[in-house]
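Reminder, nothing fancy here: chain letters follow the sequence lines and each chain counts from 1.
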There are 2 protein chains.
Amino acid sequence: MAVTIRDVAKAAGVSTSTVSRALSGSELVEPRTREAVLRTAEQLGYLPNRAARGLITGRTGNLGLIVPDLANPFFPDVVKGIQARAREADYSVFLADTDEDPSAELGLVRALAKQVDGIILCSPRMNAEDLRTASAAAPLVAVNRRGSHVPAVTIDNAGGMRQAVAHLAALGHHRVGYVAGPRSSWSNRERVRAIRAAAETERVELVEVGNAPPQFEGGVAVADLVVAAEVTAVIAYNDVVALGLLTRLAARGIEVPRDLSVVGIDDIAMSGMFSPALTTVSIPKAQSGRAAVELLLQVLDNPGGRNPSRREIPTQLLVRDTTAIASTRR
Amino acid sequence: MAVTIRDVAKAAGVSTSTVSRALSGSELVEPRTREAVLRTAEQLGYLPNRAARGLITGRTGNLGLIVPDLANPFFPDVVKGIQARAREADYSVFLADTDEDPSAELGLVRALAKQVDGIILCSPRMNAEDLRTASAAAPLVAVNRRGSHVPAVTIDNAGGMRQAVAHLAALGHHRVGYVAGPRSSWSNRERVRAIRAAAETERVELVEVGNAPPQFEGGVAVADLVVAAEVTAVIAYNDVVALGLLTRLAARGIEVPRDLSVVGIDDIAMSGMFSPALTTVSIPKAQSGRAAVELLLQVLDNPGGRNPSRREIPTQLLVRDTTAIASTRR
DNA sequence: CGAGGTGATGAAAAGGATTGCATGAGGTCA
DNA sequence: TGACCTCATGCAATCCTTTTCATCACCTCG
């Protein structure tokens with residue numbers, strides 16, 4: 001079978017304790033001995049058995065990652081950031097996808113809890129109580145969501161919305177729409193709040209339009225409502241919705257940005273590929289992912305510590321081709 | 001701490017052996033006892049310790065999954081299929097992304113090998129020898145790649161290419177281009193071969209254009225070569241490349257499909273969202289993922305069995321708006 | 001020179017689940 | 001009624017690593 005620590009010990013002429021210590025970099029082993037052990041381990045191709053280690057240390061070396069929908073291009077980038085940072089810290093990542101089903105989230109947390117040292121919950125839709133329950137089941141960091149005692153990585157929604165609304169106001173838009181996302185989404189609630197505040201500051205009239213499922217089809221479906229709302233500009237819950245919107249608008253012969261300005265949120269890769277290229281509030285996705293891992297590692301290293309730390313990632317308006325001077329036609 | 005099998009045994013008034021047997025569904029336990037044990041376990045909220053189980057069984061209950069680039073919308077769908085099927089079989093999935101770096105693949109396989117029961121390698125770019133090495137390190141199934149002794153899930157490239165070329169030929173195209181993907185890609189080599197064969201059958205002249213990185217930018221970059229090749233239709237290595245192509249063609253004022261027909265491969269979600277909607281060879285991505293897991297489970301259940309089984313998933317041409325009658329202008 | 005200290009090492013327990021083997025009760029058949 | 005068999009159950013070993021505690025040698029200082 002596989003080579004164990006005992007094989008190494010025998011080959012090196014020491015005890016398993018010494019091998020273990022040498023391998024884990026303990027100070028309590030003579031340099032010469034350590035080196036001999038390491039050399040032997042190398043020669044024999046020794047690889048520690050994670051199960052055995054986990055059994056005694058109670059740590060798995062694994063992290064859990066739960067996302068609502070991997071098919072939404074926003075998440076793969078976040079996942080990549082998480083992956084990369086986790087690998088640096090020598091953790092492996094379990095990935096699970098809830099298929100946009102909030103009721104699946106808690107179950108997945110429970111299922112994962114025993115197999116990981118900590119969990120990263122991306123854009124969770126579960127209610128506050130479930131979130132508390134979840135964070136009791138395992139060390140946990142939320143991304144794009146705040147909870148009372150849950151460490152969280154969020155983005156600067158307020159700043160992003162302020163930039164977006166100011167941009168539109170500066171272009172002469174007085175009546176702006178917001179295509180809302182799912183009601184259960186914390187990000188959506190944040191964005192609504194931020195947009196309202198920004199609209200007030202900028203003296204822009206705000207019209208909230210529908211609740212779109214955060215998918216392309218949601219944008220398609222809500223487009224006619226946007227038109228009916230008689231706004232000259234619209235901000236969408238996210239880029240995917242904005243692209244759906246764009247598609248339906250084009251089909252109805254409404255030209256963007258001449259007749260209507262559109263702003264997305266996320267800056268997914270394909271938003272720049274569409275024509276016209278989407279003006280959007282850019283989120284550093286990989287950075288969010290890395291930050292989440294860092295927060296989680298911090299929590300793991302300091303288990304008792306009652307520090308629901310938070311990290312907020314800045315956002316940046318990216319002006320591209322879907323926003324222009326307000327048309328006077330309407 | 002956590003409730004163990006001993007707690008359950010004590011509470012149910014039986015031995016740990018009986019609990020273990022009851023839980024694992026062994027026949028050697030009286031129905032009444034089994035039920036009592038199950039009820040007790042349920043009440044106590046018992047969850048088996050995977051590390052302990054793994055230590056003795058040698059199994060981890062985990063699968064490894066390696067993809068070249070999660071940001072390519074093709075892969076999330078495959079991953080979702082794999083996820084779903086793995087969960088049904090009570091396996092968890094480790095995800096790793098190589099960032100399109102073939103030299104990282106083998107290292108990841110090695111790193112993962114000790115922590116999983118088997119590995120699924122999506123569209124591996126590693127050479128044949130490394131693939132053999134990899135498959136020696138752990139039970140392994142390849143997706144979109146064949147190797148001499150490696151179980152594999154592939155798609156019917158030949159059938160898809162035949163449909164695509166026949167479709168173009170029927171529209172009167174006599175000179176068709178193929179935008180090649182990475183040379184190291186098995187899929188690309190397969191597609192080249194299949195297209196050549198189909199072109200011969202359909203009496204269509206085939207022009208192979210460039211080698212594009214399998215990304216949007218690759219399509220953008222190769223567009224001018226396509227124009228210079230003076231073809232009336234072009235098939236791209238995949239949808240992402242096709243969309244890049246489309247974007248650059250539009251920028252150059254070349255109208256699709258009037259001036260040039262374009263066919264993609266993959267049927268990623270956004271290919272239908274672009275305008276014009278992309279004609280493409282559809283691949284059942286989730287189904288490929290599920291099939292890969294099934295093949296892997298089969299290998300795991302039958303360790304000695306020298307059966308490098310294979311599964312081929314059918315493909316289907318999806319005619320949308322980027323193909324039309326060949327223009328006579330050229 | 002002896003007591004106490006230091007530092008390297010080894011022995012052994014612990015961690016939780018599985019499983020081969022032993023046990024004992026109950027049943028069957030002669 | 002006794003020998004034998006079957007079947008449910010329990011006992012105990014095992015998987016591999018970490019870690020506590022004990023040990024032993026050697027050094028230092030009084």
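The separation between B:L55 atom CG and D:dC16 atom P is 7 Å, rounded to whole Å. If you take CZ of A:R6 and C1' of C:dG10, they are 13 Å apart, rounded to a whole angstrom. C:dG10 atom P lies 14 Å from atom NZ of A:K10, rounded to whole Å. Here C:dG16 presents its C1' atom at 13 Å from CG of B:L23, a figure rounded to the nearest Å. B:E30 places its CD atom 19 Å from the P atom of C:dG24, with the value rounded to the nearest Å. Between the CG atom of B:D7 and the P atom of C:dG16 there is a distance of 9 Å, rounded to whole Å. Distance B:I56 CD1 to C:dG16 C1': 9 Å, rounded to the nearest Å. The separation between A:R32 atom CZ and C:dT9 atom C1' is 14 Å, rounded to whole Å.
If you check distances only, the side chain of A:R21 does reach the base of C:dG10 with a donor-acceptor pair under 3.5 Å. A donor-acceptor contact under 3.5 angstrom links the side-chain atoms of B:S17 to the base of D:dC11.
Judged by distance alone, the side chains of B:S187 and B:N144 never bring a donor and an acceptor atom under 3.5 Å apart. Between A:S92 and B:Q115, the side chains place a donor N or O and an acceptor N or O closer than 3.5 Å (distance only, hydrogens not considered).
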| CA sep, side-chain torsions, deciding dist, call: B:R39, B:E35, salt bridge (charged side-chain N to carboxylate O under 4.0 Å, His left out) | CA-CA 6 Å; B:R39 205 168 40 237; B:E35 200 179 324; 3.8 Å; yes
| request: For B:E129 and B:R132, run salt bridge (charged side-chain N to carboxylate O under 4.0 Å, His left out): C-alpha distance rounded to whole Å, both residues' side-chain angles, the deciding distance at 0.1 Å, then the answer. | output: CA-CA 5 Å; B:E129 190 189 330; B:R132 250 192 320 273; 5.6 Å; no
| message | Run B:R110 and B:E105 through salt bridge (charged side-chain N to carboxylate O under 4.0 Å, His left out) and show every step you take. | response | CA-CA 9 Å; B:R110 287 224 174 85; B:E105 293 180 350; over 6 Å; no
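Side-chain N/O atoms of A:T33 include one lying less than 4.0 angstrom from OP1 or OP2 on C:dT9. Within the structure, every side-chain polar atom (N or O) of B:T4 is placed at least 4.0 Å from both OP1 and OP2 of C:dG16. Taking side-chain N and O atoms only, B:Y46 has a distance below 4.0 Å to OP1 or OP2 of C:dA17.
Between B:A52 and B:T18, it is B:T18 whose nearest contact on DNA chain D lies nearer the 5' terminus. Toward the 5' end of DNA chain C, the nearer of the two residues A:P31 and A:T16, judged by each one's closest nucleotide, is A:P31.
Sorted by first and then second residue, the salt bridge (charged side-chain N to carboxylate O under 4.0 Å, His left out) pairs involving residues 3-12 of chain B (not counting sequence neighbours) form an empty list.
In this structure, B:V14 reaches the sugar-phosphate backbone alone: every heavy-atom distance under 4.0 Å involves primed, P, OP1 or OP2 atoms, never a base.
Rounded to 10°, the helix from C:dC1-D:dG30 to C:dA30-D:dT1 has 50° between the axis fitted to its first five pairs and the one fitted to its last five.
Between B:E30 and B:R21, none of the side-chain N atoms (NZ, or NE/NH1/NH2) sits under 4.0 Å from a carboxylate O, so this pair counts as no salt bridge.
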